[in-house]
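Contents: one structure, followed by commentary.
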2 protein chains.
Amino acid sequence: MTNTYKYPRPAITVDCVVFGYDGNELNILLIKRGIEPFVDCWALPGGFVRHDETIDEAAKRELLEETFVKNIYLEQLYTFGDLYRDPRERVISVSYFALVRQEEFQIKASTDANEVAWFKVQNTPALAFDHENILEMALKRLKNKVRYEPIGFELLPPKFPFSALEQLYESIIGKPLDRRNFRNKFQKMGLLTKLSEKQEKVAHKRGFLYQFDSDKYEQLKKDGFEFAI
Amino acid sequence: MTNTYKYPRPAITVDCVVFGYDGNELNILLIKRGIEPFVDCWALPGGFVRHDETIDEAAKRELLEETFVKNIYLEQLYTFGDLYRDPRERVISVSYFALVRQEEFQIKASTDANEVAWFKVQNTPALAFDHENILEMALKRLKNKVRYEPIGFELLPPKFPFSALEQLYESIIGKPLDRRNFRNKFQKMGLLTKLSEKQEKVAHKRGFLYQFDSDKYEQLKKDGFEFAI
DNA sequence: GCAAAAGTGTTGGGCCTACACCCATGA
DNA sequence: TCATGGGTGTAGGCCCAACACTTTTGC
């Protein structure tokens, strides 16, 4: 079955920049391509948009198919529409962006991916197409986002010690933060609930655990955050 | 001449949300469509992306062709990819966003537009396709942008009285601002140069004129603004 | 002289930054 | 007992918001 058009049409793809946090470092999810072009090159998960799905749906589907990552919140990032992004023909790509806790996913290669892996953001391999540009833009967005929106939510386990939040922010911003100031600021926002439980089996004083108050989070999201790290 | 593909492909369009300031109110540039669908409906200027131009180029070209607005800075806004945006067939639209001073342009309808006009942002007609959604998103972006980036630049004439800047901000934010605080804040940024000239022929005390210091602006743009209205 | 906008400073409060020591725990 | 990270408070400065009267001009 073929489809004919009066004018040539670019193909449309989606590409996903998925940032994962393992409790220690910020990573990014990549696949090793199983098909040409750039076969055996590392690349962002993604693929062609089907005719019966929205672009948001396409992003979700491709991510699931290629990496087994599912049920995450994908936010649209930017659309890349230069002429020779893809050596085969003209392809326009809509990129997406997500934040996840790695521990929640069993990544697993399938369909067009030979391998799937998390890479340290600071230490990524060469990427196919213009995916390095996409990644760069995603990183910029993330660094910007973290400054005016509390994002620990998506990246930390339900209960976590305060230090985990601090480490997370430090690993995204790339600079050390003042512990006392960071705690004060974050606590003043009122998004965190201090639990009576503490950390277990650590070779130092046990810290209290916290959780995010998601009702308050949703409310602040509506009203607009007043917040700066 | 026809083009055939194995799978059906969506068409790709660009749509431009051009905000104009007339020294008084914030307006938006619309065209009255000259062709189906939605013929004689007001819509955002835009059209199909050609195979030999980037999406950024397409946005510029369509804007020029339909409205005679040219040489402006267009920033990509968002890509709309739902299934039934267009009654004819599947169309994915990449939207763009710009700020201009209206006085600099002689708008004039041509190609697919029967009319072109500026409309008050507060008082737009019903729009074709999902263009109301696009406009809404552009407005959100503008209101957000204005808070952390000085935008008067694009919207005011080279020399302007301070009150023009204040009115501009008030018309975007939609709230009155404290004159003294606004002046202090803006002056502290150091982007403005006070001239020795004053307003002419006004039925009240004449205010000094100011201009933006574009070198400083570029520098701050690099370093990141620290700024909030 | 009157209407209309320009211009101008201060004060109080809140938020930010910088900074150092003791505590609890497991090894 | 030692190494490791947890936990905590304050003081100074800066920025912000709130606030009202005088000046200049054209009509």
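The chains referred to below are lettered A, B, ... by the order of the sequence lines, with proteins before strands, and numbering in each begins at 1.
Side-chain atoms of A:S93 and A:D15 include a donor-acceptor pair closer than 3.5 Å. A donor-acceptor pair shorter than 3.5 Å cannot be found between the side chains of A:D56 and A:Q76.
Using modelled atom types, one side-chain atom of B:S95 and one backbone atom of B:Y78 make a donor-acceptor pair closer than 3.5 Å.
Note on A:K188: a side-chain N or O is less than 4.0 Å away from OP1 or OP2 of C:dC16. Between B:S163 and the phosphate of C:dA5, there is no side-chain N or O to OP1/OP2 separation shorter than 4.0 Å. Taking 4.0 angstrom as the limit, B:R206 places a side-chain polar atom (N or O) nearer than this to OP1 or OP2 of D:dG26.
Here D:dT8 presents its P atom at 18 Å from NZ of A:K185, a figure rounded to the nearest Å. Between the CZ atom of A:F208 and the C1' atom of D:dT8 there is a distance of 13 Å, rounded to whole Å. In this structure, A:K198 atom NZ and C:dG26 atom C1' are separated by 15 Å, rounded to whole Å. The CG atom of A:L177 sits 13 Å away from the C1' atom of C:dT17 (whole-angstrom rounding). Atom pair B:H204:NE2 and D:dT22:C1' shows a separation of 16 Å (rounding to whole Å applied). Rounded to whole Å, the distance from CD on A:Q187 to P on D:dG9 is 11 Å. Taking atom CZ of residue B:F182 and atom P of nucleotide C:dA6, one finds them 12 Å apart after rounding to whole Å. Protein atom CZ of B:F186 is 17 Å distant from nucleotide atom C1' of D:dC16, rounded to whole Å.
Aromatic ring centres of A:F162 and A:F208: separated by at least 6.0 Å. If you look at A:Y169 and A:F182, their ring centroids are closer than 6.0 Å. B:F160 has its ring centre less than 6.0 Å from the ring centre of B:F212.
Looking at A:F19 and A:L26, their side chains come closer than 4.5 Å, going by heavy atoms from C-beta outward.
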Under 3.5 Å, N/O pairs linking protein and nucleotides 19-22 of chain C:
from	atom 1	to	atom 2	distance (Å)
C:dC19	N3	A:R180	NH2	3.4
C:dC19	N4	A:R180	NE	3.3
C:dA20	N1	A:R180	NH1	3.3

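Projected onto DNA chain C by closest heavy-atom contact, A:N184 and A:K201 fall at different nucleotides, the more 5' of which corresponds to A:N184.
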